[in-house]
Protein chains: 2
Amino acid sequence: MSHQRDRASTRNAQTGPSGLDLPDLPEATVARLPEYLRALHGLAETGLDVVSSEELAGAAGVNSAKLRKDLSYLRSSGTRGVGYDVASLIAKIEYVLGLSQHRTVALVGVGNLGHALAGYAGFESRGFHIAALFDADPRRVGERIGGLRVHHVDELPLVVAQERISIAVIATPAQAAQSVADALVACGVTSILNFAPKVLNVPDNVDVRKVDLAIELQILSFHEHRKASLTALPSTLGGVLGQEAYGS
Amino acid sequence: MSHQRDRASTRNAQTGPSGLDLPDLPEATVARLPEYLRALHGLAETGLDVVSSEELAGAAGVNSAKLRKDLSYLRSSGTRGVGYDVASLIAKIEYVLGLSQHRTVALVGVGNLGHALAGYAGFESRGFHIAALFDADPRRVGERIGGLRVHHVDELPLVVAQERISIAVIATPAQAAQSVADALVACGVTSILNFAPKVLNVPDNVDVRKVDLAIELQILSFHEHRKASLTALPSTLGGVLGQEAYGS
DNA sequence: AGTTGTGAAGCCCTTCACAGCA
DNA sequence: TGCTGTGAAGGGCTTCACAACT
C-alpha cells in the first residue's frame, strides 16, 4: 500500500506560533509554482517589474485563468487593471515553497547519473545546496567531486545529523534503492527524490517524488506510435491534425 | 500559446491498414503503463507467469482498481478468477507503447548532464537506442562517448535523416534550448524530452515532455515547509499525522 | 471461490465568463 | 478602461462496489 506522491490538497490553512501561515494549496498548483518562479526570475532579469497574468502565463507555458487561480491561493496580491509586482510575487512564492532558507540536500549514489547531479549547477542557483555525497562502493569513497568528499553510506546517520539534511536524492542502481531509502528514513530524512527505477516503500510522513528517464521516453514512444498509426490512415483527417502554425 | 503536454485523451480507436489497432487511452493511463511494464519485468524474472491485479498493483505502487481499469483500455485479457498472464501482458503493453521496435534517439548537449544521459544504461535496456550525440561547442565535437562520436549541431539534419530519428533529448543550457528545439523540429523530430529549464515552443504535432530537476526539489521543499509548520503547532493532531506503520 | 471488468459516484482540476476593483 | 479574482460549469481521473465470468 505504498503511496508515492498521491496525497492531494495540503491541509487547511494553519497559522503556526512562529507567524507561519501556509495556505491550502492544491497539489497541482504546488507543482506549477516553481514554473512561475522560474519565469518570474527570467522576467526580473529583463528589468520588468510588473507583469500581467497573460504575460506571465505565456512565459510559464500555462493559460492565464489557471495562473490567476493558482496565485489567488497565495492570498494573492495582484493589482486589478495593472498586474502583479514581480519582486513581491517572487518573494511570496519563494516563501511558500520554503526556499527562503537555502535547503541542504544529500545525494546517494555517485555513479554515472549521480556524478552529473552532484555537479549540476541548477541546484545551487535555485535554492538548494548539495551538502554531502554517499556511495556504497569503497573505491568511490574518498573521491572528491566539486569540492565534496564522497562518504560511505554507513556514515549517513552521522553526516545527515551534522548537516541537518531533510531532503535526499537517490541515484543508486534499482536494487540498492529501497535499502538506501530505509536508511535515509531512519536518519530522519522526510523528502526523497528518487532516480532509481524502483517503487519505494516509505512511511506516510515521508514524501517521495520519482524521476524515471526511461519512462519519459516510453511515454513519448507511445505518442510516436499513435502518430504513426494516424498518418497511416487511408483518407481521414488524420494527416492534417496538428499542422497549424504555432504562436509567439 | 504553448501547450507543453496538455493534450488529453488519445483520439478514438483507429484501425490502420497495417493491422494497427490502438485503443483510446487516457493520458494518465499512458503515463502508468511504463510503470506496469517495469513491474512486470521484475515479476517475470522471479519466474512468475500469472499475476493478480492486486499483486501487480502493489509492485507498481498503485491501487488495484486503477490498474484494472487501465488494463481494461487495452482490450485487456485477464482471466477472471485467475489473473493476468505476465508474458502476454508484457507483449501487449510493449506493443501499445510502440516498443516492439527499438527506437533510436538523438541527444543534444553533452555537458555535465548530457554526458551522464549518454552513458545511462537504462535507456538501452528499456527499448531505446541512443544513436547520435550533438553539441554546439567545437571543443566537444569529435569526442567519443560510449562508442559514439559527438557531432556538431549543424549536422543535425544529416544525421537525423540517416538514422531515422524521431525522438530527441535536449540537455543543453536553457538559453540554447529553443533554437535546438527549432532545429530538431525542422529535421522532422516529433518528440522531445527536455531537460533544459525553459518552456519550449513547438508546433502542435510535436510532443514535449520536460524534466526539471530543480523543480522536483522545490516541490519537495514545499512539503518540508508545510510539515515543519504543522509540527510547530501548539497542540493539534498535527504531530500525529503520518505516523502510521507502513505495509508490505 | 476467486478475480476480472465496469457502471456509477465523487473528487479534483481546468476553463469560462464576468463581477469587482484600481 | 483594463486586469484581477472567482463563482459556476464542465471534464477527466479515481475509487467504489458489484455483476460477470472461470
Side-chain angles (χ1 to χ4, degrees), chain A residues 1-12 23-33 35-36 40 43 48-86 88-89 92 219, chain B residues 1-12 23-33 35-36 40 43 48-86 88-89 92 219:
Chain A
M1 205 107 307
S2 79
H3 69 143
Q4 219 79 342
R5 196 90 304 282
D6 266 24
R7 297 289 324 96
S9 248
T10 307
R11 285 288 40 82
N12 262 309
D24 185 359
L25 300 182
E27 191 57 33
T29 297
V30 172
R32 279 187 298 266
L33 290 179
E35 314 251 23
Y36 302 153
L40 284 164
L43 294 170
L48 198 65
D49 45 37
V50 172
V51 66
S52 72
S53 64
E54 198 68 47
E55 291 173 282
L56 180 52
V62 303
N63 98 21
S64 66
K66 196 189 288 189
L67 171 74
R68 286 198 302 278
K69 181 140 286 187
D70 282 342
L71 295 185
S72 78
Y73 293 118
L74 309 183
R75 327 202 185 306
S76 173
S77 45
T79 310
R80 294 177 203 234
V82 179
Y84 299 87
D85 180 76
V86 172
S88 62
L89 190 50
K92 187 167 270 174
I219 295 170
Chain B
M1 205 107 308
S2 79
H3 70 144
Q4 218 80 342
R5 195 93 301 281
D6 266 23
R7 297 290 325 97
S9 246
T10 305
R11 288 286 41 82
N12 262 310
D24 185 358
L25 299 182
E27 190 57 34
T29 297
V30 173
R32 279 187 299 266
L33 290 180
E35 315 252 23
Y36 303 153
L40 284 164
L43 294 171
L48 197 65
D49 44 38
V50 173
V51 66
S52 73
S53 64
E54 198 68 48
E55 291 173 281
L56 179 53
V62 303
N63 99 17
S64 66
K66 197 190 288 190
L67 171 74
R68 285 198 301 279
K69 180 141 290 188
D70 283 342
L71 295 186
S72 78
Y73 292 119
L74 309 184
R75 328 202 184 306
S76 173
S77 45
T79 310
R80 296 179 201 229
V82 179
Y84 299 88
D85 179 76
V86 172
S88 63
L89 191 49
K92 186 168 271 175
I219 295 171

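Each chain gets a letter, A, B and so on, in the order the sequences are listed, and its residues count up from 1.
Across the protein-nucleic acid pair, B/Lys69 atom NZ and C/dG7 atom C1' stand 7 Å apart, rounded to whole Å. What separates CG of A/Asp85 from C1' of C/dA22 is a distance of 15 Å, to the nearest Å. Separating the OH atom of B/Tyr84 from the C1' atom of D/dT22 is a distance of 14 Å, rounded to the nearest angstrom. C/dT6 atom P lies 19 Å from atom NZ of B/Lys66, rounded to whole Å. Taking atom CD of B/Glu27 as the reference point, atom P of D/dG11 lies 19 Å away to the nearest angstrom. Between the CG atom of B/Leu56 and the P atom of C/dT3 there is a distance of 14 Å, rounded to whole Å. The CG-P distance, from B/Leu71 to C/dT6, rounds to 11 Å in whole Å. Separating the CD atom of A/Glu54 from the C1' atom of D/dC3 is a distance of 10 Å, rounded to the nearest angstrom.
Along DNA chain C, the nucleotide nearest to A/Thr79 and the one nearest to A/Asn63 differ in position, and the one closer to the 5' end is contacted by A/Asn63. Residue B/Val51 is the one, among B/Val51 and A/Arg32, whose nearest nucleotide of DNA chain C lies closer to the 5' end (criterion: closest heavy atom).
Donor-acceptor pairing under 3.5 Å, judged by distance alone, is absent between the side chain of B/Arg80 and the base of C/dT3.
When distances run from any side-chain atom of A/Ala28 to the nucleotides C/dT14, D/dT14, D/dC16, the shortest one goes to C/dT14. Comparing D/dA17, D/dG5, D/dC13 against the side chain of A/Arg68 picks out D/dG5 as the nearest. With distances taken from any side-chain atom of A/Ala65 to the nucleotides C/dG5, D/dT14, C/dA17, the minimum falls on C/dA17. The side chain of A/Ser72 approaches D/dT6 more closely than any other nucleotide in the set D/dT4, C/dT4, D/dT6.
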Subject >> Chi angles and distances behind the side chain to side chain contact (heavy atoms under 4.5 Å, CB included) call for A/Leu74, A/Leu25 >> reply: CA-CA 8 Å; A/Leu74 309 183; A/Leu25 300 182; 3.9 Å; yes
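One N or O on the side chain of B/Glu55 and one on the backbone of B/Ser52 form a donor-acceptor pair closer than 3.5 Å. In this structure a side-chain-to-backbone donor-acceptor pair under 3.5 Å is present from B/Lys92 to B/Arg75.
Among all heavy-atom pairs drawn from A/Gly78 and A/Tyr84, the shortest one is CA-CD2, 3.5 Å.
B/Asp70 has its side chain out of reach of B/Val62: every pair of non-hydrogen atoms, C-beta onward, lies at least 4.5 Å apart.
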